[in-house]
A.B. asks: 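Let me give you the structure first, and then I'll get to my questions.
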Amino acid sequence: MMKRGQLLTEDAKEHFFKIAYPAAPFQEYVDYYFEISPHTDAADFYINGLPSSNTLIAFNLNEQPWHSLKEGSDTPAVFNYAHLLGHTSVLHTGVYAGGMHTFFVKLRPGIAALLFKEEAASFVNTHIDLFCLWGKDLSAEQLIAAGNFRERIQLFQNMLLKRFVNDRHYMKVQRLHQLVKTFHSLQLKGEKEIEKICQRNWVSYASARRDFLQYIGFTPKYCQRISRLKLALKEYKKQGYHFYYEDFGYTDFSHFAKDSRQITGRPPSLLI
């Protein structure tokens with residue numbers, strides 16, 4: 001039986017965790033960069049990966065692999081070298097052993113479809129050898145040779161500059177990002193509220209739904225639900241049972257717990 005994982009948030013102070021945020025113009029493409037590198041003699045660390053509309057790129061920087069177990073599965077995936085980890089509707093538990101060292105890029109929603117010129121649906125709940133998608137534009141060897149975290153970020157951003165162009169698809173993804181940003185800042189309980197947000201952004205709900213499915217593979221409603229759950233879990237981890245669930249659009253704690261079970265298969269207490 002796998003050990004219970006915990007939620008690792010962006011403000012975590014763990015010794016093995018580094019995080020950095022991109023400057024303009026890369027903020028349009030990347031939410032943030034992070035590295036995980038436990039000490040060689042450290043015990044295995046288990047991290048819960050919540051369902052997400054973001055896509056991860058993972059570069060292993062040494063020969064120590066890391067593992068990921070999908071909820072309901074008994075066989076973990078083993079990650080060596082470099083992989084794209086698609087946006088997911090399923091909880092995954094990452095297992096990070098002592099001595100491993102991996103550089104991650106958290107792409108913004110919809111960016112993977114533009115970056116790799118593939119249908120968003122092909123990335124949902126899957127992982128792909130990165131070099132099947134982009135050849136040798138940026139190799140793990142280049143990142144290993146880089147002196148530090150900052151240099152690895154610079155190498156990745158140099159690659160982005162070569163691959164992106166402002167086309168009609170990019171403009172649609174920018175509009176999608178504006179809608180997702182609004183999901184983070186408002187109490188939302190259903191599609192009617194999302195329809196109002198669409199109207200304020202001069203786009204019909206039908207058009208927004210089509211764009212979400214094309215570039216992310218999920219509906220706006222589902223993206224809103226997983227975004228809300230993650231924000232609520234972060235507050236629950238800080239404040240405990242008496243956190244203000246109303247601030248996240250939940251009518252009571254049981255509503256929050258029910259949403260957690262429906263989305264991840266677990267109650268909130270087993271996610272943090």
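Numbering of residues begins at 1 and proceeds along the displayed sequence.
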A.B. asks: Would you name the heavy atoms of N125 and S89 that are closest together and state the gap between them?
C.D. replies: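 That closest heavy-atom pairing would be OD1-N, 2.8 Å.
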A.B. asks: Do the side chains of D259 and R228 get close enough for a salt bridge, i.e. N-O under 4.0 angstrom?
C.D. replies: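 Yes, this pair counts.
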A.B. asks: I'd like to check I57 versus L130 (side-chain heavy atoms, cut-off strictly below 4.5 Å). Are they in contact?
C.D. replies: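 In contact.
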A.B. asks: ring-ring contact (aromatic ring centres under 6.0 Å, His included), that's the test. Do F253 and Y236 meet it? Break it down for me.
C.D. replies: CA-CA 10 Å; F253 189 85; Y236 173 58; 5.7 Å; yes
A.B. asks: Output the distance between atom CG (L160) and atom CG (L155), rounded to the nearest 0.5 Å.
C.D. replies: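 L160 atom CG to L155 atom CG measures 11.5 Å (nearest 0.5 Å).
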A.B. asks: Using the ring centroid of each side chain, check whether Y81 and F131 are separated by less than 6.0 Å.
C.D. replies: yes
A.B. asks: Could you tell me whether the side chain of D129 and the main chain of H83 form a donor-acceptor pair under 3.5 Å?
C.D. replies: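 No; judged by distance alone, with no hydrogens or angles, the pair does not exist.
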A.B. asks: Using the rule that Ile, Leu, Val, Met, Phe, Trp and Tyr join whenever any side-chain heavy atoms are under 4.5 Å apart, tell me whether L143 and M100 fall into a single cluster.
C.D. replies: no
A.B. asks: Taking the side chain as C-beta and beyond, is there a heavy-atom pair between L56 and V105 under 4.5 Å?
C.D. replies: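 Heavy-atom side-chain distance check fails, nothing below 4.5 Å.
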A.B. asks: Begin with the C-alpha distance, continue with both residues' side-chain angles, and end with the deciding distance and a verdict on side chain to side chain contact (heavy atoms under 4.5 Å, CB included) for S207 and R175.
C.D. replies: CA-CA 11 Å; S207 179; R175 184 174 65 187; 3.8 Å; yes
A.B. asks: Checking F123 against L84 for the side chain to side chain contact (heavy atoms under 4.5 Å, CB included) test, could you report, in this order, the C-alpha distance in whole Å, the side-chain angles of both residues, the deciding distance, and whether it holds?
C.D. replies: CA-CA 8 Å; F123 299 136; L84 178 138; 3.8 Å; yes
A.B. asks: Check whether any side-chain heavy atom of I128 lies under 4.5 Å from a side-chain heavy atom of F116, and answer yes or no.
C.D. replies: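 I128 vs F116: side chains apart.
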A.B. asks: Show your working on side chain to side chain donor-acceptor pair (under 3.5 Å) between S68 and H92 and close with a plain yes or no.
C.D. replies: CA-CA 6 Å; S68 178; H92 288 73; 4.8 Å; no
A.B. asks: So, do F45 and Y96 have ring centers that fall under 6.0 Å from each other?
C.D. replies: no
A.B. asks: Is any side-chain heavy atom of T219 less than 4.5 Å from a side-chain heavy atom of F212?
C.D. replies: no
A.B. asks: Any idea which heavy atoms bring D74 and P76 closest together, and the distance?
C.D. replies: O-CD, 3.6 Å
A.B. asks: Any donor-acceptor pair under 3.5 Å linking the side chain of H101 with the backbone of G99?
C.D. replies: no
A.B. asks: Flag the pair P109 / H87 as yes when at least one side-chain heavy-atom distance between them is below 4.5 Å, and no otherwise.
C.D. replies: no
A.B. asks: Would you kindly confirm whether L133 and I111 end up in one hydrophobic cluster when ILVMFWY residues are joined by side chain heavy atoms under 4.5 Å apart?
C.D. replies: yes
A.B. asks: Is the shortest heavy-atom distance from the side chain of P51 to the side chain of Y222 under 4.5 Å?
C.D. replies: yes
A.B. asks: Would L213 and F218 count as a side chain to side chain contact (heavy atoms under 4.5 Å, CB included) here? Give the steps.
C.D. replies: CA-CA 5 Å; L213 288 173; F218 297 149; 5.7 Å; no
A.B. asks: Taking all non-hydrogen atoms of both residues, which atom of Q157 and which atom of P22 are closest, and how far apart?
C.D. replies: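 Looking at all heavy atoms of both residues, the closest pair is OE1-CB, 3.9 Å.
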A.B. asks: With a 4.5 Å limit on heavy-atom distance, are the side chains of Y21 and D31 in contact?
C.D. replies: no
A.B. asks: Restricting to non-hydrogen atoms, name the atom on I197 and the atom on N201 that form the minimum distance, rounded to 0.1 Å.
C.D. replies: O-ND2, 2.8 Å
A.B. asks: Got a list of side-chain donor-acceptor pairs under 3.5 Å for residues 237-245, not counting sequence neighbours?
C.D. replies:
from: K237; atom 1: NZ; to: L7; atom 2: O; distance (Å): 2.4

A.B. asks: What distance separates K18 NZ from I153 CD1, expressed to the nearest 0.5 Å?
C.D. replies: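 Taking NZ in K18 and CD1 in I153, the distance rounds to 9.5 Å.
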A.B. asks: Output the distance between atom OG1 (T264) and atom CG (L50), rounded to the nearest 0.5 Å.
C.D. replies: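 Reported value, rounded in 0.5 Å steps: 7.5 Å.
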A.B. asks: With the 4.5 Å side-chain cut-off for hydrophobic clustering, are F26 and F149 part of the same group?
C.D. replies: yes
A.B. asks: At what distance, to the nearest 0.5 angstrom, does OG1 of T9 lie from CG of L231?
C.D. replies: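 Reported to 0.5 Å precision, the distance equals 11.5 Å.
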A.B. asks: Show the nearest heavy-atom pair for residues S53 and I216, with the distance to one decimal.
C.D. replies: CB-CG2, 3.8 Å
A.B. asks: Does E28 reach the main-chain N or O of Q174 with its side chain, forming a donor-acceptor pair under 3.5 Å?
C.D. replies: no
A.B. asks: For the pair Q27 (side chain) and A23 (backbone), establish whether a donor and an acceptor sit closer than 3.5 Å, ignoring hydrogens and angles.
C.D. replies: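 No: the side chain of Q27 does not pair with the backbone of A23.
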A.B. asks: I'd like to know if the side chain of D211 reaches the main chain of L176, judged simply by a donor and an acceptor atom lying under 3.5 Å from each other, with no hydrogens or angles considered.
C.D. replies: no
A.B. asks: Working to the nearest 0.5 angstrom, can you tell me the gap between R209 CZ and C198 SG?
C.D. replies: 11.5 Å
A.B. asks: Closer than 3.5 angstrom, by distance alone: can the side chain of N60 be matched with the main-chain N or O of F79 as a donor-acceptor pair?
C.D. replies: yes
A.B. asks: Looking at Q262, I want to see if its CD is surrounded by more than 12 non-hydrogen atoms of other residues, nucleotides or ligands under 6.0 Å.
C.D. replies: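 Correct, the count exceeds 12.
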A.B. asks: Might you point out which heavy atoms bring N62 and Q64 nearest each other, and give the distance in Å?
C.D. replies: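 Minimum heavy-atom separation between N62 and Q64: OD1-N, 3.0 Å.
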A.B. asks: Under the 3.5 angstrom rule, does the side chain of S122 hit a backbone N or O of E119 as a donor-acceptor pair?
C.D. replies: yes
A.B. asks: Give a yes or no on whether Y33 and L61 share a hydrophobic cluster (residues Ile, Leu, Val, Met, Phe, Trp, Tyr; joining criterion: side-chain heavy atoms under 4.5 Å apart).
C.D. replies: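 Result: yes, single cluster for both.
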A.B. asks: Has R152 got a side-chain atom pairing as donor or acceptor with F103's backbone, closer than 3.5 angstrom?
C.D. replies: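 Looks like no, no N/O pair under 3.5 Å.
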A.B. asks: Supply the atom-to-atom distance L85 CG to N54 CG, rounded to the nearest 0.5 angstrom.
C.D. replies: 12.0 Å
A.B. asks: Answer yes or no: is there a side-chain heavy-atom contact under 4.5 Å between L114 and Y215?
C.D. replies: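 With C-beta onward as the side chain, the pair touches.
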A.B. asks: Could you walk me through whether Y29 and Y170 pass side chain to side chain contact (heavy atoms under 4.5 Å, CB included), step by step?
C.D. replies: CA-CA 10 Å; Y29 312 125; Y170 176 66; 3.3 Å; yes
A.B. asks: Taking atom types as modelled, is there a side-chain donor on Q178 or K181 under 3.5 Å from an acceptor on the other?
C.D. replies: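 No.
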A.B. asks: Can you list the steps and then say if K196 with Q199 is a side chain to side chain donor-acceptor pair (under 3.5 Å)?
C.D. replies: CA-CA 5 Å; K196 292 177 182 177; Q199 290 172 4; over 6 Å; no
A.B. asks: May I ask you to check whether F16 and H39 place their ring centers less than 6.0 Å from one another?
C.D. replies: no
A.B. asks: Surrounding NZ of K70 (heavy atoms of other residues, nucleotides or ligands, distance under 6.0 Å), is the total greater than 12?
C.D. replies: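 Not buried by this count: 12 neighbours or fewer within 6.0 Å.
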A.B. asks: Please check if the side chain of S260 supplies one atom and the backbone of R266 the other of a donor-acceptor pair under 3.5 Å.
C.D. replies: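 Yes, because the side chain of S260 sits within donor-acceptor range (under 3.5 Å) of the backbone of R266.
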A.B. asks: Please work out which of the three classes, parallel, tilted or perpendicular, describes the rings of F34 and F17, given edges at 30° and 60°.
C.D. replies: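 Geometry flag for F34 against F17: tilted rings.
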A.B. asks: Between the main-chain N or O of L271 and the side-chain N or O of N48, is there a donor-acceptor pair closer than 3.5 Å?
C.D. replies: yes
A.B. asks: Treat each ILVMFWY residue as a node, draw an edge where side-chain heavy atoms are under 4.5 Å apart, and state whether I263 and I47 are in one component.
C.D. replies: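 Different clusters: I263 never reaches I47 through Ile, Leu, Val, Met, Phe, Trp or Tyr contacts under 4.5 Å.
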